[in-house]
Protein chains: 2
Amino acid sequence: MANRIIDGLQQAIFEHRLLPGTRLPEDEVGQVYGVSRTIVRSALQSLAHSQLVTIEKNRGAFIASPSIREANEVFEARALIEPRVAGMAASRIEALNLAKLKDHIAAEHAAMAAGDKGTALALSGKFHVEIARIAAHDVFTDFVQSLVKRSSLIIALYWKRPDTTCESHSHNALMDAFTDGDRQAAEEIMRSHIVDLHSGLDLTVKDEKPVSLADALKF
Amino acid sequence: MANRIIDGLQQAIFEHRLLPGTRLPEDEVGQVYGVSRTIVRSALQSLAHSQLVTIEKNRGAFIASPSIREANEVFEARALIEPRVAGMAASRIEALNLAKLKDHIAAEHAAMAAGDKGTALALSGKFHVEIARIAAHDVFTDFVQSLVKRSSLIIALYWKRPDTTCESHSHNALMDAFTDGDRQAAEEIMRSHIVDLHSGLDLTVKDEKPVSLADALKF
DNA sequence: CAATTCAATATTGTATACATTTTTTAATCA
DNA sequence: TGATTAAAAAATGTATACAATATTGAATTG
């Protein structure tokens with residue numbers, strides 16, 4: 001079924017094993033998952049709808065390469081939506097959720113300690129989605145999920161300091177606000193956290209994503 | 001190509017010619033548009049991703065029936081996002097855009113005067129998308145577009161007063177704010193407009209969307 | 001007569017075949 | 001050699017065929 005492929009590719013994108021510009025030939029993907037092109041096409045179209053994949057007519061599918069402009073827009077959107085979502089989560093959070101979030105952070109730390117950067121990065125993104133789930137607002141959850149996924153590609157392209165950890169200090173601060181059920185604090189911490197992430201990107205125009213060799217050398 | 005089908009179905013949904021719960025057999029749709037099921041499936045999956053269509057495994061596609069909860073969430077999201085978007089539009093609007101919006105409102109009035117309720121309704125929704133386009137923020141535009149589409153189904157299900165016009169008084173007020181380039185005013189008018197629309201819905205739980213005869217009688 | 005079972009029918013799920021387009025490779029020519 | 005063209009190969013776009021599932025309706029049974 002297409003979901004296996006969608007999940008597989010998404011996870012690979014999350015963990016930066018698949019980088020922007022990578023070609024995704026239908027046959028090749030189909031062979032990996034042991035399905036026909038029919039299923040692969042369905043999966044690729046779904047990913048294209050989420051803006052994780054770009055489909056060029058008669059040329060095929062590629063891992064998307066968000067532009068600098070798109071990167072800014074995605075983080076502007078996150079800065080508007082996620083603080084609201086964090087506030088909602090703080091209002092209705094329960095012990096069970098707190099424990100789950102704590103586990104999540106622990107797993108992230110563990111992965112980082114083990115040097116498994118990809119997993120740590122993926123977990124760090126999913127933390128935000130988890131908060132949206134706690135807020136129990138499906139529409140916002142879908143938005144956050146979509147924005148977090150796209151952020152993964154943006155970070156792959158524009159993150160300033162490759163060795164620096166996507167510090168989860170803010171995540172701990174959020175945990176505190178949640179524990180206190182402090183809506184106001186959760187909102188404010190999340191807002192500054194997003195702004196922080198945004199400012200961790202190098203979005204100055206230089207060569208506007210060369211990305212794939214093919215695209216880069218074609219002038 | 002699938003786009004023709006997507007646009008056709010979307011327009012029909014916009015104009016309330018296709019109502020929530022309606023079945024969409026692949027063969028039938030394919031015959032209407034003169035294409036094979038391959039294309040139809042692609043179109044239906046795309047519409048499902050936009051939440052305009054629900055696909056049930058081995059059962060097929062139906063026009064979506066948003067729940068009361070979903071209806072509330074959609075308008076909460078609009079209340080957060082659209083005021084921001086309206087403000088951005090007010091900041092950067094130009095004469096050309098103003099003229100276009102004016103035409104849009106005129107067309108809406110004309111349709112209403114001609115008793116063409118469906119067209120008027122569709123135009124009324126597209127007015128909001130047009131504003132997002134002027135704001136020139138692709139991420140927000142996509143969100144607004146998605147939310148407006150879903151609103152069309154929500155209105156079909158829950159609009160309180162079937163004969164009452166979806167008054168475009170607010171649209172005129174917005175035009176004034178845009179003309180003045182008054183960001184603050186645009187934001188505030190949009191916010192109250194969305195709240196107004198929301199309150200025009202009957203979202204009290206009664207029989208939670210019977211909608212399709214099939215679903216309604218199966219208990 | 002109501003309920004149930006089972007065959008017939010219709011619909012969706014997936015793979016494959018063929019058409020079209022793009023990309024690559026080889027050959028030709030200046 | 002470098003550029004251009006032509007043929008070959010590879011990839012995508014679409015239709016169709018077949019398999020699996022769901023629905024319908026008639027026949028059967030209590």
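Reminder, nothing fancy here: chain letters follow the sequence lines and each chain counts from 1.
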**Q** Where along residues 40-53 of chain B does a heavy atom come under 4.0 Å from DNA chain D, residue by residue in number order?
**A** none
**Q** Measure CD/B:Q31 against C1'/D:dA15 and give the value in whole Å, please.
**A**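 Rounded to whole Å, this separation is 15 Å.
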**Q** Rounding to an integer number of Å, can you tell me how far B:M1 CE sits from C:dT21 P?
**A** 12 Å
**Q** Provide, to the nearest angstrom, the distance between the CD atom belonging to A:E26 and the C1' atom belonging to C:dT21.
**A** 13 Å
**Q** What nucleotide among D:dT12, D:dT23, C:dA15 has an atom nearest to a side-chain atom of A:V35?
**A** C:dA15
**Q** Of the candidate nucleotides D:dT21, C:dT14, D:dT12, which contains the atom at the shortest distance from the side chain of B:N58?
**A**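 The closest nucleotide is D:dT21.
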**Q** Take atom CD of B:E28 and atom C1' of C:dT11, then tell me their distance rounded to the nearest Å.
**A** 12 Å
**Q** Nearest whole angstrom, please: distance from the P of D:dG13 to the CZ of B:R4.
**A** 17 Å
**Q** Nearest whole angstrom, please: distance from the P of D:dA19 to the CD1 of A:I39.
**A** 16 Å
**Q** Pairs in or reaching into residues 141-157 of chain B: which pass side chain to side chain donor-acceptor pair (under 3.5 Å), with residues at least two apart or in two chains?
**A** A:Q51-B:D142, B:E70-B:R150, B:R78-B:S151
**Q** Closer than 4.0 Å, any side-chain N/O of A:T38 to the OP1 or OP2 of C:dT14?
**A** no
**Q** Has the side chain of A:E26 got a donor or acceptor atom that lies under 3.5 Å from a matching backbone atom of A:R37?
**A**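 Looks like no, no N/O pair under 3.5 Å.
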**Q** Looking only at N and O atoms, is any donor in the side chain of A:R37 or the base of D:dG13 less than 3.5 Å from an acceptor on the other one?
**A**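 Between D:dG13 and A:R37, which were checked side chain against base, a qualifying N/O pair under 3.5 Å is present.
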**Q** Using the closest heavy atom to pick a nucleotide of DNA chain C for each, name whichever of B:G60 or A:S36 lands nearer the 5' end.
**A** B:G60
**Q** Please tell me whether A:E82 and A:H128 have a donor and an acceptor in their side chains that are separated by less than 3.5 angstrom.
**A** yes
**Q** How many whole angstroms separate atom CD of A:E56 from atom C1' of D:dG13?
**A** 16 Å
**Q** Counting neighbours of CD on A:Q11 that are heavy atoms of other residues, nucleotides or ligands and sit closer than 6.0 Å, is the number greater than 12?
**A** yes
**Q** For B:K57 and D:dT23, give me the distance from atom NZ to atom P, rounded to whole Å.
**A** 13 Å
**Q** Mind checking whether A:I39 and A:M1 have side chains closer than 4.5 Å, heavy atoms only?
**A** no
**Q** Going by distance alone, is a donor N or O of one side chain under 3.5 Å from an acceptor N or O of the other, for B:E130 and B:H104?
**A** no
**Q** Check whether any side-chain heavy atom of B:F143 sits under 4.5 Å from a side-chain heavy atom of B:V85, and report yes or no.
**A** no
